[in-house]
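Not measured: the values here are computed from a predicted model. Along the sequence shown, residues carry numbers from 1.
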Amino acid sequence: MHKPAGRFRTPMLYRIVRHPLYLGFIIIIAFWVAPVMTVGHALFAAVTTAYILVGIALEERDLVEQFGNEYRR
C-alpha cells in the first residue's frame, strides 16, 4: 500500500544538501585515502561506495515518485 504524499519540506540541513546520503560522499573520501590500502580495506571502500550510490539512486527515484515536480525544483 502506498502512503499518501505529505507536504514537501526542506528543514535544517536539507536546505544545504539535497538529502543526507550526499553527506556520505565525504565519508567515502576518508575510506579511499587510507595511508595503507589493504585488499580488505579496498573491498570495504568499494562496497561502501556502491551502497551509497545505490541508496542515492533509490531515494531520488522514490522522492520524485512521491513529490514530482515539487521535489525536482
Side-chain angles (χ1 to χ4, degrees):
M1 185 171 179
H2 185 63
K3 182 179 164 187
R7 190 175 74 97
F8 184 74
R9 300 178 306 125
T10 55
M12 297 186 294
L13 287 177
Y14 286 90
R15 293 171 195 234
I16 300 168
V17 294
R18 189 157 177 121
H19 51 80
L21 281 176
Y22 285 157
L23 292 177
F25 279 120
I26 295 168
I27 295 167
I28 289 173
I29 292 169
F31 293 150
W32 286 105
V33 295
V36 177
M37 183 62 74
T38 63
V39 173
H41 189 95
L43 179 63
F44 174 74
V47 170
T48 303
T49 301
Y51 177 81
I52 290 173
L53 293 174
V54 168
I56 288 170
L58 293 174
E59 186 173 4
E60 285 288 312
R61 181 198 67 194
D62 292 347
L63 289 170
V64 167
E65 181 182 313
Q66 185 173 0
F67 296 108
N69 286 332
E70 185 178 7
Y71 177 74
R72 286 184 185 105
R73 279 190 298 273

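Distance check, rounded to the nearest 0.5 Å: CD of E59 to CD1 of I56 gives 8.5 Å.
By the side-chain hydrogen bond (donor to acceptor under 3.5 Å, both in side chains) test, T49 pairs with W32, sequence neighbours left out.
Every pair tested for side-chain hydrogen bond (donor to acceptor under 3.5 Å, both in side chains) that includes a residue from residues 34-43 fails, sequence neighbours excluded, so the list is empty.
Linking Ile, Leu, Val, Met, Phe, Trp and Tyr whenever their side-chain heavy atoms come within less than 4.5 Å puts F67 and V64 in one cluster.
Residue V39 shares its hydrophobic cluster (ILVMFWY side chains chained together at separations under 4.5 Å) with no other residue.
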